[in-house]
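A short worksheet on the structure shown next.
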Amino acid sequence: MLADGIEFEKSKEKSTGGEISERDSLSRELSPVNSTENTLYGGIAAHLNIPKDWPPLATEGPFKYYFWTLPSQIDRDLDAVATQPSVFDDPEQAKLSQPIPEYENLHRFDPLARWTWREEKTIIRKMDLRIMLWCSVMFMALQLDRGNISQAVAGDMLTDLKFSTNVYNNGNTIFKVCFLICEVPSQLISKKLGPDVWIPIQMISWSIVAFSQHWLNGPASFYITRGLIGAWEGGFIADICLYLSYFYTAAELPLRLAYFWAALTCSDIISAFLGFGILHMNGTGGKEGWRWLFLIEGCITCVVGIFSFLILPPSPTKTASWFRGRNGWFNAREETVIVNRVLRDDPSKGDMHNRQALNFKMLKRSLLDYDLWPIYIIGLVFGMSSSPVSTYLTLTLRSIGFTTLQSTLMVLPYQVAHLVFLLAITYIAQRLDERSLIGVVAQVWIVACLIPLRTFTAETSRWAKYAVTIVLLSSPSTHAIQVGWTSRNSNSVRTRTLSAAMYNMFCQLSGIITSYVYRADDKPLYHRGNSVLIGLGCMSIAVYLLVKIYYISRNRYRDRIWNAMTEEEQNHYKFNTVDEGSARLDFRFAH
């Protein structure tokens, strides 16, 4: 077993920019048993030609770290080897997966590096606090500026500006169209400049537009500001997902994304209280409360954007700065663990520099990767059945007799419940390694609530309407699961760069399509609209099942071809194939 803190190599500190130097005698320090004699879990190393004098690997699979996990809950020796088997343990296969010379973390890449569960646990917690926490703060700022429109509406913005419901619909559509159009361009810019540079530029830019809504004076200014906010926010979520993939493995990313979207719900909760207080400023300086709402919350986002310039590091090995500290957040040992555990999990993360732009050929190849389109289609349909209910919540509450301030606070119960169920369903999906069927469960929940909404009449108690609506909106979101699913099935940095943007574009397209499901001539019960939503929910259930069938079929098809090949033919394919990413015959899709 390993003792905590054993050094596997003698390294120069990061601040000197030094490279990994002379190696200790690893195999003697780690274990008297060589790596080929280890009983690796599930026989993963059965086809690896591991040299006998190489140090041992983990005898158990990756531990699933959660924010709520306590040290006493870890059922394994924390001082045992945690390094997982990978293609880098076979010198022949490793030639196919070597990071490119331009890879920014190349100086920390080391196939012989080994670390303990204790070290890994400590480093993951450190990344959660340093990287994930601030990404969540940025996402909260995003939601603050794109979501406060519903609070402004509850504060009589439409009445004050003499807007009809259709003007409000048009503004939402313009926002989503601009958001959608700018997804891919934003990803291309981010890949060239680096997410650590581009994300803060986005935040400061949209915050300026957001607080300028303080001076709205008609439909034209409303449409322009909604369009500009959508344009600057387009790509933000995909940029963050790409950035997080530099630090976390595929198994860890979905749960981190769940906390990412949990931050969105936390932002809704915080903004509800903020909105409640700020809307009380109605009449201050001769301005309506909703104008102060836009101004104050826009300024908050601007401050977060400025700090993001200072806080976000370019990569795990480049965290040193005057603001983050001369020695950075991670020492040489920690950098080695972060880099190698990510590359061992997904060697494709080393095939591009984090500031390497995509050319047209790469762009075309990524967009035409048809095996990812089933997930994009899920992104299109899964939110259709609940999106209009959420968008019109405050308007609906006002229409059935609740006051402005009551409507502002009455969204809190569903936001808290939504947060709990989001984390729970992501946890379940990760434990079961299941995605499609989890999506079916969420859609059944929504449809089950839409049916009574469709049957309610004007005589139905407003509290009954409120209760069913809250239960519907509390449904567990599978968004985080699907973003992680997209990243997992991309299998290359090139594709991953665009796949998250493509997925999010389809999500925005979904919002555009459903923007006019609830019409003015159908309010306040929206019977016609709810009938449409029930149909869309049933369609979503069918899509999830068809996607699962598709990926199972694709995997079986590849299994037949691969198993029909001799070992020599398989090795020839690995060394000579021009297939890349998810197109490789030896890659299997998650479903």
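In this text, all values refer to a predicted model and were calculated from it rather than measured experimentally.
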- Message: Filter on ring pair (Phe, Tyr, Trp, His ring centres under 6.0 Å), then keep only pairs touching residues 222-243, sequence neighbours left out; what's left?
- Response: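 Counting only pairs at least two positions apart or across chains, the ring pair (Phe, Tyr, Trp, His ring centres under 6.0 Å) contacts touching residues 222-243 are Phe163-Phe222, Trp206-Phe236, Tyr243-Phe247.
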- Task: Sequence neighbours left out, what pairs pass ring pair (Phe, Tyr, Trp, His ring centres under 6.0 Å) with at least one residue falling in residues 445-478?
- Result: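 Matches after skipping sequence neighbours: Phe402-Trp463, Phe421-Trp445, Trp463-Tyr466.
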- Message: If you apply the rule side-chain contact (heavy atoms from CB on, under 4.5 Å), what do you find for Tyr503 with Leu372, and how did you get there?
- Response: CA-CA 9 Å; Tyr503 168 80; Leu372 286 174; over 6 Å; no
- Query: Where the side chain of Arg454 meets the backbone of Asn530, is there a donor-acceptor pair that is under 3.5 Å apart?
  - Reply: no
- Message: Between Ser387 (side chain only) and Met384 (backbone N and O only), is there a donor and an acceptor less than 3.5 Å apart?
- Response: no
- From CA spacing to verdict: side-chain contact (heavy atoms from CB on, under 4.5 Å), Ile181, Cys178: CA-CA 5 Å; Ile181 291 173; Cys178 292; 5.8 Å; no
Distance (rounded to the nearest 0.5 Å) between [X] [atom1] and [Y] [atom2]:
X      : Y      : atom1 : atom2 : value
Ile199 : Leu142 : CD1   : CG    : 10.5 Å
Ser510 : Leu180 : OG    : CG    : 11.0 Å
Ile512 : Lys176 : CD1   : NZ    : 7.5 Å
Leu533 : Cys538 : CG    : SG    : 11.0 Å
Ile174 : Ile229 : CD1   : CD1   : 12.0 Å
Asp239 : Glu183 : CG    : CD    : 8.0 Å

Report the residues that fulfil side chain to side chain contact (heavy atoms under 4.5 Å, CB included) with [X], sequence neighbours left out, ordered by chain and then residue number.
X      : answer
Ala152 : Met157, Trp290, Leu293, Phe294
Cys182 : Ala231
Val420 : none
Thr284 : Met281, Trp292

- Task: For residues Tyr526 and Leu453, determine if any side-chain heavy atom of one lies less than 4.5 Å from a side-chain heavy atom of the other.
- Result: no
- Message: Are the side chains of Thr514 and Leu536 in contact, using a 4.5 Å heavy-atom criterion?
- Response: yes
Identify every side-chain donor-acceptor pair in residues 305-312 under 3.5 Å, counting partners at least two apart or on other chains, and give the distances.
from, atom 1, to, atom 2, distance (Å)
Ser308, OG, Trp134, NE1, 3.0
Ser308, OG, Val304, O, 2.8

- With Lys126 via salt bridge (charged side-chain N to carboxylate O under 4.0 Å, His left out) - residues at least two apart: Glu334
Show every donor-acceptor pair shorter than 3.5 Å between a side-chain atom in residues 471-478 and any protein atom, with sequence neighbours excluded, or say none if there are none.
from, atom 1, to, atom 2, distance (Å)
Ser474, OG, Ile470, O, 2.6
Ser475, OG, Leu472, O, 3.0
Ser477, OG, His479, N, 3.2
Thr478, OG1, Gln482, OE1, 2.7
Thr478, OG1, Tyr544, OH, 3.2

Over all heavy atoms of both residues, which pair between [X] and [Y] is shortest? Give the atoms and the distance, please.
X      : Y      : value
Tyr246 : Pro314 : CD1-O, 4.3 Å
Ala210 : Asp145 : CB-CG, 3.7 Å
Leu242 : Pro195 : CD2-CG, 4.5 Å
Glu104 : Thr317 : O-OG1, 3.6 Å
Phe330 : Met127 : CZ-CG, 4.0 Å
Pro388 : Val517 : CG-CB, 4.2 Å

- So salt bridge (charged side-chain N to carboxylate O under 4.0 Å, His left out) across residues 269-296, not counting sequence neighbours, yields Glu288-Arg291
- If a pair satisfies salt bridge (charged side-chain N to carboxylate O under 4.0 Å, His left out) and one of its residues is in residues 524-533, list it, with sequence neighbours excluded.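 Of all non-adjacent pairs touching residues 524-533, those that pass salt bridge (charged side-chain N to carboxylate O under 4.0 Å, His left out) are Asp521-Arg528.
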- Item | No-hydrogen, no-angle side-chain donor-acceptor test under 3.5 Å, Ser385 and Gln443 | yes
- Item | Ser186 vs Trp198, side chain to side chain donor-acceptor pair (under 3.5 Å): CA-CA, chis, key distance, verdict | CA-CA 8 Å; Ser186 177; Trp198 179 238; 2.9 Å; yes
- Query: So among Phe179, Phe382, Tyr376, which one has a ring-ring contact (aromatic ring centres under 6.0 Å, His included) with Phe506?
  - Reply: Tyr376
- Thr249: what forms a side-chain hydrogen bond (donor to acceptor under 3.5 Å, both in side chains) with it, not counting sequence neighbours?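 Here the qualifying residues are Glu252.
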